[in-house]
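Notes for the one structure printed next.
To find a chain, count down the sequence lines: A is the first, B the second, and so on, and within it residues start at 1.
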Amino acid sequence: MQPVPLSFFERPALDLARALVGRLLVRRRAGLLLVARVVEAEAYARHEKASHSSLGRTPSREPMFAAPGTIYMYRSRGGPSLNVSAHGAGDAVLFKSAVLACDGPARAAMHALNPSRSGAPRPDPKLLAGQSLLCRALDLETAAWTGRPFGGDLAVADDGDRPRLIQTTRLGIPAGRDEHLPWRFVHAGHLGSATKDPTRRRGAVEGRDWWFVEPAG
DNA sequence: CCAAAGATGCGCT
DNA sequence: GCGCATCTTTGGG
């Protein structure tokens, strides 16, 4: 399990999103290594209407314009979201879902950090099945992390997993906001831990609404 | 200061 | 799949 260098992030957001799926998020916290494998990522660009950066350059959005590898976090509907800036000012990738990639006390800590609303533990495949869920399970708070570079206590690492991917459209984009762009990538081996399984959507047609792509090099 | 809108999550059908 | 809770940020008055 090797941490990637900051130069890893120096590529266009679309390429970066594709390269991040299958990689590991490694969070060092309280003497434990909380590890999650990225299952789903979406690219966002400045010259496209769904991105926060397209709304203008403000202090809170500044990390989207910062050097590749800079963490950008924001809150939406009550929950935090984890992003990383890519090559190209205003371009970034949103970490959308992940799966557990550790065991023992680290796994237990992640469950304790992100219980269901009732307090009961979530099933493993659902523990990180959302952009806010993965932040909670990794104890990532917006104020603490936005603007900082990846590395140290929050790193991206590589264990050689090069999964086949599914490419499809991004989620939650209102009509007229470039909602048709196929800038979302999902780990084909973990469709049950994605926010939504693109192959199971009603009326979805392979080749038109989603398709397989090979992993990035 | 307040209203409104989110790159959501959850429970129910 | 759909409605609703949720709550911070943002921008207008």
Side-chain angles (χ1 to χ4, degrees), chain A residues 12-14 16-18 20-21 25 36 38-65 70-86 88 90-99 110-111 113-147 167-186 191-205 209-210:
Chain A
L14 194 64
L16 182 58
R18 188 172 146 202
L20 281 170
V21 174
L25 282 167
V38 180
V39 161
E40 189 181 6
E42 293 178 348
Y44 287 87
R46 185 183 195 176
H47 299 295
E48 163 263 308
K49 298 193 196 66
S51 69
H52 290 177
S53 53
S54 70
L55 300 173
R57 193 164 178 166
T58 67
S60 66
R61 297 178 195 134
E62 189 61 25
M64 282 193 83
F65 296 85
T70 303
I71 294 164
Y72 167 56
M73 290 190 71
Y74 65 93
R75 271 185 171 271
S76 182
R77 290 174 161 89
S81 302
L82 177 68
N83 308 253
V84 62
S85 68
D91 298 359
V93 173
L94 167 64
F95 291 90
K96 199 99 177 115
S97 60
V99 281
M110 291 170 74
H111 273 286
L113 283 162
N114 187 27
S116 66
R117 195 176 283 180
S118 68
R122 298 174 193 274
D124 278 357
K126 296 296 178 189
L127 181 63
L128 304 124
Q131 64 199 52
S132 292
L133 300 180
L134 78 86
C135 288
R136 290 190 200 121
L138 292 171
D139 189 28
L140 301 177
E141 178 53 40
T142 302
W145 291 97
T146 195
Q167 182 170 5
T168 183
T169 51
R170 300 173 297 182
L171 296 173
I173 312 295
R177 294 264 205 111
D178 292 316
E179 73 278 10
H180 57 279
L181 292 175
W183 285 7
R184 174 174 167 231
F185 295 93
V186 186
L191 294 176
S193 293
T195 51
K196 287 196 167 139
D197 179 343
T199 70
R200 292 229 222 167
R201 291 180 65 162
R202 179 172 153 74
V205 175
D209 302 307
W210 61 271

Donor-acceptor pair, A/D178 side chain versus A/K49 backbone, under 3.5 Å?
-> yes
For A/S60, the side-chain hydrogen bond (donor to acceptor under 3.5 Å, both in side chains) test, sequence neighbours excluded, returns A/T58
Examine A/R170 relative to A/Y44 and say whether NZ or CZ is less than 6.0 Å from the centre of the six-membered ring and inside a 45° cone about the ring axis. yes
As its Watson-Crick or G-U partner within any shown strand, both distances under 3.5 Å, B/dA7 has none
### Message
Less than 6.0 angstrom from the centroid, inside 45 degrees of the normal: does A/R61 satisfy that with respect to the ring of A/Y74?
### Response
no
Taking a pair to mean Watson-Crick or G-U wobble geometry with both distances below 3.5 Å, C/dT6 pairs with none
Once base and sugar-phosphate atoms are separated, protein heavy atoms under 4.0 Å mark nucleotides 6-13 of chain B, 5' to 3', with B, S and - as BBBSS---
### Query
Between the main-chain N or O of A/M64 and the side-chain N or O of A/S85, is there a donor-acceptor pair closer than 3.5 Å?
no
